[in-house]
Amino acid sequence: MDLLNALVAVLNFVVIPATAYGAQLALGALGVTLIYGILRFSNFAHGDTMAFGTAMVILLTWGLQGLGIALTPLPTALLALPVAIALTALLMLGTDRVVYRFYRRKRAAPIIFVMASVGVMFIMNGLTRLVIGVDEIRFDDGARFIIGVADFRRWTGLEEGLALRGTQVITVAAAALTVAWLFWFLNRTRSGKAMRAYSDNEDLALLSGIDPERVVRQTWIIAAALATLAGTLYGLDKSFRAFTYFQILLPIFAAAIVGGLGNPLGAIAGGFIVAFSEVAVTYPWRKIAAYLGWESDGLMQLLSTEYKFAVSFVILIVVLLFRPTGLFRGKSV
Amino acid sequence: MSAPYLAATGMTGGYGKADILHDCTLTVERGQIAVIVGPNGAGKSTAMKAVFGMLPLREGRVTLDGEDIGALSPQERVRRGMGFVPQTHNVFPSMTVAENLEMGAFIRDDDDGIARTMDQVLTLFPVLADKRRQPAGELSGGQRQQVAVGRALMTKPQLLMLDEPTAGVSPIVMDELFDRIIEIARSGISILMVEQNARQALEIADIGYVLVQGANRYTGTGAELLADSEVRRTFLGG
């Protein structure tokens, strides 16, 4: 019985939250990796793109709620997503037009693009705060729980409870669908193959008659969609705060680099690796140890949650030192 | 006699202030194999790039099938029937062989025709048919060159330009590649190629150009150049 209790506790406090968080990081890292693979720079503005996209979702959600439109039991935010993605994509295309295209034409070095993206990051950061403010916003209005703690205890008779929130299931399902679609698009469609060709060999793509500006536009649109989706899922699962999205850039980059920059499969694996490490290292294991017959005075928590970003840093440093191209043979940084 | 299919005449120009090409002329008839040879730094590749529109020319004309194409970008020249195989970085390494060929046909929208060209390419290079699902980056040097040539053939060119197609491949593979190039030319496609292996290349050449310092030094059929004692002594090593 104690073994079962331990298992349920691990599921409840580690596996389920880390899976949802991992899916959110994976979607974020996919956007970063796609931009790196095709436009050849690390986009520091990606976190704030997520924030902007989510802000759009929230504004639209409020609008829909005002009109009395809901999607129960699903959160209204899902209904707002397509329009928010379109708005974010427009912002991305606009940014590309006024900022990145200039450097692309000059064939600027990647580091110049990165610096430009830092500038874009600050502007988007400010823009999001102007539009929606700096406070914490909760906008999940769907059914809270699919499995409640009390219900679970009643069903199983176990001491430990297990909760499965609607947003967690939506997160994983949406991430799986998006990833499946993205892989289908990249591997099966003409446009997707053109994007991969451009990523592989820009000059040869040009010689094959592939229009680079079209590839760039498609990349931004897909990146906007991934960012908005990742941001919204994260916000539904936890809450929205502009600053949190700026911070989440670090684990997202860690995920993309662990997996191998430019490699979509790697971004997904990286997302889960970072998420599981972060949750496992910051979780107090005392209760589970007790179930397994090992009493401890301490919390058995390796790091307090305030230091969770240290986990990303450590992973990042270890990977860069020992395997700079990442686990899945991406491009070296 | 009508004008040659490709006529690049009096090409003069370079990347910066100094000219690399000096009054260089290259012509290719339909179905002919034209070979550019010469010492290192003679501007062989540069001459080819100039023909393809990758080098700004101060003087000179490039006509294809009688039309002046001097103002067209390389991409537009591809659409006009010029296929180009760069010396290096000439495949999409992470994409499969089949996808590489497909990308070659990107500018075409006749699905039946694309499938037919794909069959022709795979008949020409049977080894690619076995490896069609393998990423091009994992192939050997010779196989990669075949993918590169195959990709260019997929654009359905009238003129195929090859920049040192046998660079870095073994002598056996080189012979085989030359055989394939002859086959391509027999199907009516003109070939313009730069070659480091001058002797072997001139053996299959209908017309050969020996460039020295960006200018034409000797021009003749492959056999004539091979028979010319001066050419042999200075460029073919005796």
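Reminder, nothing fancy here: chain letters follow the sequence lines and each chain counts from 1.
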Heavy-atom cut-off 4.5 Å, strictly under: side chain, backbone, both or neither for [X] against chain A?
X: B/E76; result: neither
X: B/R77; result: neither
X: B/P86; result: side chain

Where do [X] and [Y] come nearest, in terms of heavy atoms and distance?
X: B/N90; Y: A/N201; result: N-ND2, 4.2 Å
X: B/V78; Y: A/L207; result: CG2-O, 3.3 Å
X: A/R196; Y: B/S94; result: NH2-O, 4.1 Å

Residues in residues 208-225 of chain A that sit under 4.5 Å from chain B, counting heavy atoms only = A/S208, A/G209, A/I210

request  = Give me the contact list for residues 185-195 of chain A versus chain B, heavy atoms only, anything under 4.5 Å, ordered by residue number.
outcome  = A/N187, A/R190, A/K193, A/A194

Within 6.0 Å of CZ in A/R97, more than 12 heavy atoms from elsewhere = no

task = Please check if atom CZ in A/F183 has more than 12 non-hydrogen atoms from other residues, nucleotides or ligands closer than 6.0 Å.
result = yes

When you compare the side chain of [Y] with that of [X], does any pair of heavy atoms fall below 4.5 Å?
X: A/L204; Y: B/R151; answer: yes
X: A/L206; Y: B/P74; answer: no
X: A/D203; Y: B/H89; answer: no

ask   = With respect to chain A, which residue among B/G83, B/G104, B/P93 yields the maximal number of heavy-atom pairs within a distance under 4.5 Å?
value = B/P93

